[in-house]
Amino acid sequence: QVQLVESGGGLVQAGDSLRLSCAASGGTFSSYVMGWFRQAPGKEREFVATFSRTVGTTYYADSVRGRFTISRDSAKKMVYVQMNSLKPEDTAIYYCAASLRGADLPTRQYEYNFWGQGTQVTVSS
């Protein structure tokens with residue numbers, strides 16, 4: 001069993017930056033593909049970014065590519081997403097997730113086994 005705890009959310013203005021963190025405990029961290037999803041009010045949860053088991057391999061949603069950067073620190077069992085040039089449409093609850101399934105860069109919710117409780121990000125215009 002893996003426990004995931006997100007932190008770092010908050011209220012920022014458009015154009016600002018924010019870094020979200022996700023602390024993992026339990027399980028073997030190196031075995032998991034880690035990802036970030038988000039859910040805006042009234043919308044379905046959507047994929048944001050994923051970091052494969054292979055160091056340096058990442059994949060992003062089109063809406064955040066070039067602005068967000070996902071990273072992981074295996075020694076600390078941490079996953080981060082650096083969010084730059086934030087827009088009001090980035091407002092959402094952001095969730096960290098871990099996948100034990102076969103895909104190297106999973107983008108669908110069902111591909112992830114464990115989820116954090118989420119952290120709120122609000123971007124004002």
Side-chain angles (χ1 to χ4, degrees):
Q1 193 77 4
V2 175
Q3 292 79 44
L4 303 171
V5 179
E6 303 95 334
S7 61
L11 172 63
V12 297
Q13 294 186 334
D16 285 351
S17 298
L18 204 59
R19 189 178 81 154
L20 304 182
S21 301
C22 173
S25 59
T28 303
F29 186 74
S30 59
S31 299
Y32 295 94
V33 175
M34 301 300 297
W36 287 94
F37 286 74
R38 66 185 182 185
Q39 187 168 18
K43 295 186 177 181
E44 294 186 354
R45 192 175 300 186
E46 64 176 6
F47 167 77
V48 173
T50 184
F51 196 117
S52 76
R53 299 177 187 87
T54 304
V55 176
T57 304
T58 58
Y59 186 75
Y60 298 91
D62 289 343
S63 59
V64 306
R65 186 174 293 116
R67 299 188 298 122
F68 289 15
T69 303
I70 187 173
S71 61
R72 65 190 287 169
D73 184 332
S74 295
K76 296 181 178 179
K77 296 186 178 182
M78 296 288 295
V79 181
Y80 308 96
V81 60
Q82 176 68 41
M83 306 185 296
N84 298 329
S85 302
L86 282 163
K87 306 174 182 180
E89 50 263 45
D90 293 319
T91 294
I93 299 174
Y94 283 72
Y95 298 91
C96 174
S99 173
L100 262 179
R101 302 185 189 274
D104 196 38
L105 293 170
T107 63
R108 300 176 179 85
Q109 293 185 59
Y110 71 83
E111 296 180 289
Y112 288 81
N113 305 83
F114 305 102
W115 295 82
Q117 83 290 346
T119 185
Q120 176 71 48
V121 172
T122 303
V123 184
S124 63
S125 57

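Predicted model, so just to flag it, every value in this text is computed and none were measured.
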Is atom CZ of Phe114 surrounded by more than 12 heavy atoms (other residues, nucleotides or ligands) closer than 6.0 Å?
yes
About how many Å separate CZ of Arg72 and CZ of Phe51, when rounded to the nearest 0.5 Å?
6.5 Å
Indicate yes or no: at least one non-hydrogen side-chain atom of Leu105 is less than 4.5 angstrom from one of Tyr60.
no
Does Lys87 pair with Asp90 as a salt bridge, N-O distance under 4.0 Å?
no
Look only at the side chain of Gln13 and the backbone of Val123, and say whether a donor-acceptor pair between them is shorter than 3.5 Å.
no
Checking side-chain contact (heavy atoms from CB on, under 4.5 Å) for the pair Ile70/Tyr80: CA distance, chi angles, key distance, verdict?
CA-CA 6 Å; Ile70 187 173; Tyr80 308 96; over 6 Å; no
Report the distance from atom CE of Met34 to atom OG of Ser71, rounding to the nearest 0.5 Å.
11.5 Å
Are Val81 and Trp115 connected into the same hydrophobic cluster when the rule is that any two of I, L, V, M, F, W, Y join if their side-chain heavy atoms are below 4.5 Å apart?
no
Could you work out, with ring pair (Phe, Tyr, Trp, His ring centres under 6.0 Å) as the rule, every residue matching Tyr94, not counting sequence neighbours?
none
d(Tyr112 OH, Leu4 CG) to nearest 0.5 Å is 11.5 Å
Atom CE of Met83 and atom CZ of Arg38: how far apart are they, to the nearest 0.5 Å?
9.0 Å
Whether Glu6 side chain and Gln117 backbone form a donor-acceptor pair below 3.5 Å
yes
Any heavy-atom pair between the side chains of Thr50 and Pro106 that's under 4.5 Å?
yes
Are Val64 and Leu18 in one and the same hydrophobic cluster, where Ile, Leu, Val, Met, Phe, Trp and Tyr link if side-chain heavy atoms are under 4.5 Å apart?
yes
Please evaluate residues Ser17 and Gln82 with respect to the criterion side-chain contact (heavy atoms from CB on, under 4.5 Å), reporting the C-alpha separation (whole Å), side-chain torsions for both, the decisive distance (0.1 Å), and the verdict.
CA-CA 7 Å; Ser17 298; Gln82 176 68 41; 3.8 Å; yes
What is the distance from atom NZ of Lys77 to atom OH of Tyr32, rounded to the nearest 0.5 Å?
9.5 Å
Donor + acceptor pair across side chains of Tyr110, Ser99 (<3.5 Å)
no
Are Tyr59 and Phe37 joined in one hydrophobic group, where the rule is that I, L, V, M, F, W and Y side chains link up if heavy atoms are under 4.5 Å apart?
yes
Atom CZ of Arg67 and atom CG of Asn84: how far apart are they, to the nearest 0.5 Å?
9.0 Å
Leu20 and Thr119: CA distance, side-chain angles, deciding distance, side-chain contact (heavy atoms from CB on, under 4.5 Å) verdict
CA-CA 8 Å; Leu20 304 182; Thr119 185; 4.0 Å; yes
Does Phe47 belong to the same Ile/Leu/Val/Met/Phe/Trp/Tyr cluster as Val79, with side-chain heavy atoms less than 4.5 Å apart forming each link?
no
Is there side-chain contact between Gln39 and Tyr95, with heavy atoms separated by less than 4.5 Å?
yes
Please say whether more than 12 non-hydrogen atoms of neighbouring residues, nucleotides or ligands are located less than 6.0 Å from CZ in Arg108.
no
Can you spot which of Val121, Thr122, Thr91, Asp16 makes a side-chain contact (heavy atoms from CB on, under 4.5 Å) with Leu11?
Thr122
Please step through side-chain contact (heavy atoms from CB on, under 4.5 Å) for the pair Leu100 and Ser31, ending with a clear verdict.
CA-CA 7 Å; Leu100 262 179; Ser31 299; 4.1 Å; yes
Kindly give the heavy-atom pair with the smallest separation between Pro88 and Ala14, and that separation in Å.
CD-CB, 4.1 Å
